[in-house]
**Student:** 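One structure is given below, represented as structure tokens, and several questions about it will come after.
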Number of protein chains: 2
Amino acid sequence: MFQNQDTASLLKALGHPVRLQIARELISGEKCVGEVENMLSISQANTSQHLSILKINGIVDCVRKGNIKCYFLKEPGKIKRLLAVLEKAIQEKG
Amino acid sequence: MFQNQDTASLLKALGHPVRLQIARELISGEKCVGEVENMLSISQANTSQHLSILKINGIVDCVRKGNIKCYFLKEPGKIKRLLAVLEKAIQEKG
DNA sequence: TATTTATATAACAATATCATTATATCCTTA
DNA sequence: TAAGGATATAATGATATTGTTATATAAATA
């Protein structure tokens with residue numbers, strides 16, 4: 001059972017509609033907290049909390065730029081591939 | 001984008017170490033409840049509950065064979081691809 | 001230095017998930 | 001049709017997750 005717990009944690013982190021959507025939005029490039037907040041129409045606090053979970057699980061990282069903080073996918077290629085596989089699976093299911 | 005909820009549900013279903021391990025074991029072929037139970041060393045009831053969650057989320061299906069019930073991956077190719085992508089992502093992370 | 005803007009954290013109530021125990025159901029066979 | 005094996009379900013308590021509200025921190029600027 002190699003890295004089973006790590007893999008499960010990664011899946012779990014992405015297994016929430018808000019966090020999955022954030023990951024999707026970040027494919028097109030880094031976004032600051034306020035942008036994510038507006039795109040998903042959720043509260044500032046909740047946005048920050050979900051971003052924190054994504055960061056803890058190694059999915060995103062962030063960099064401060066003066067007053068704001070920009071979040072970005074740590075490994076965009078991998079996330080892109082993962083989402084592509086998933087989309088295909090889901091589409092063919094319906 | 002509207003498959004977002006479905007995709008998140010799929011990820012969530014696989015985002016538990018026991019269920020992820022079950023999915024992995026089923027790659028090599030169908031297994032009955034008792035076999036899964038023994039392989040993972042968890043209780044019968046818990047095994048059944050996790051299998052039920054996997055089934056509800058369209059990841060596995062089952063067929064009764066007399067006294068026993070065999071569970072199998074509904075779309076082995078897709079699960080295999082998904083896990084392959086994940087494994088690669090995890091391995092390169094460490 | 002005081003104010004403003006952007007983000008993070010704490011506290012909390014509501015709900016969900018989890019594993020366990022006990023019991024029920026389904027199928028086979030005697 | 002009764003008994004036994006295999007699986008499912010119900011009930012439950014413990015823990016985790018979620019979103020909200022309120023507050024704190026950090027950086028820019030007045």
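This structure is a prediction, so every number in the text was calculated from the model and none was measured. In what follows, chains carry the letters A, B, and so on, assigned in the order in which the sequence lines appear, proteins first and then strands, with residues in each chain numbered from 1.
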**Student:** Strictly below 4.0 Å: does A:His16 bring a side-chain N or O up to OP1 or OP2 of D:dG19?
**Tutor:** yes
**Student:** Which nucleotide sits closest to the side chain of A:Gln49: C:dA10, C:dA6, C:dA8?
**Tutor:** C:dA10
**Student:** Extract all donor-acceptor atom pairs below 3.5 Å that involve side chains of residues 59-72 of chain A and protein atoms in other chains or at least two apart in sequence.
**Tutor:**
| unit_1 | atom_1 | unit_2 | atom_2 | d |
| --- | --- | --- | --- | --- |
| A:Arg64 | NH1 | A:Gly66 | O | 3.2 |
| A:Lys65 | NZ | A:Glu30 | OE2 | 2.5 |

**Student:** How would you label the contact of A:Lys55 with the nucleic acid (heavy atoms, under 4.0 Å): base, sugar-phosphate, or nothing?
**Tutor:** nothing
**Student:** Any idea which of C:dT7, D:dT7, C:dA19 is nearest the A:Val33 side chain?
**Tutor:** C:dT7
**Student:** Would you say D:dA6 has OP1 or OP2 under 4.0 Å from some side-chain N or O of B:Tyr71?
**Tutor:** no
**Student:** State which residues pass salt bridge (charged side-chain N to carboxylate O under 4.0 Å, His left out) with A:Glu87; sequence neighbours excluded, sorted by chain then number.
**Tutor:** A:Arg24
**Student:** Output all residues satisfying side-chain hydrogen bond (donor to acceptor under 3.5 Å, both in side chains) with A:Glu37, sequence neighbours left out; order by chain, then residue number.
**Tutor:** none
**Student:** Taking only side-chain nitrogens and oxygens of A:His50, does any of them come within less than 4.0 Å of OP1 or OP2 of D:dT18?
**Tutor:** no
**Student:** Identify the pairs formed between an N or O of the protein and an N or O of nucleotides 27-30 of chain C at a distance under 3.5 Å, and give each distance.
**Tutor:**
| unit_1 | atom_1 | unit_2 | atom_2 | d |
| --- | --- | --- | --- | --- |
| C:dC27 | O3' | B:Gly66 | O | 3.4 |

**Student:** Please give me the minimum heavy-atom distance between B:Val85 and A:Lys78, naming the atom from each residue.
**Tutor:** CG1-O, 4.4 Å
**Student:** Counting only pairs under 3.5 Å, give me each side-chain donor-acceptor contact of residues 7-18 of chain B, with atom names and distances, residues two or more places apart or in other chains.
**Tutor:**
| unit_1 | atom_1 | unit_2 | atom_2 | d |
| --- | --- | --- | --- | --- |
| B:Thr7 | OG1 | B:Gln3 | O | 2.8 |
| B:Ser9 | OG | B:Gln5 | O | 3.0 |
| B:Ser9 | OG | B:Gln5 | NE2 | 3.3 |
| B:His16 | ND1 | B:Val18 | N | 3.0 |

**Student:** Taking the minimum atom-to-atom distance to the side chain of B:Ser48, which one of D:dA8, C:dC18, D:dA6 wins?
**Tutor:** D:dA8
**Student:** For a quick test of reading the model: is some side-chain N or O of B:Lys12 closer than 4.0 Å to OP1 or OP2 of C:dA16?
**Tutor:** no
**Student:** Hey, is the side chain of A:Lys69 poking within less than 4.0 Å of OP1 or OP2 on D:dA26, counting only N and O atoms?
**Tutor:** no
**Student:** Does any residue of residues 38-46 of chain A have a heavy atom under 4.0 Å from DNA chain C, and if so, which ones, in number order?
**Tutor:** A:Gln44, A:Ala45
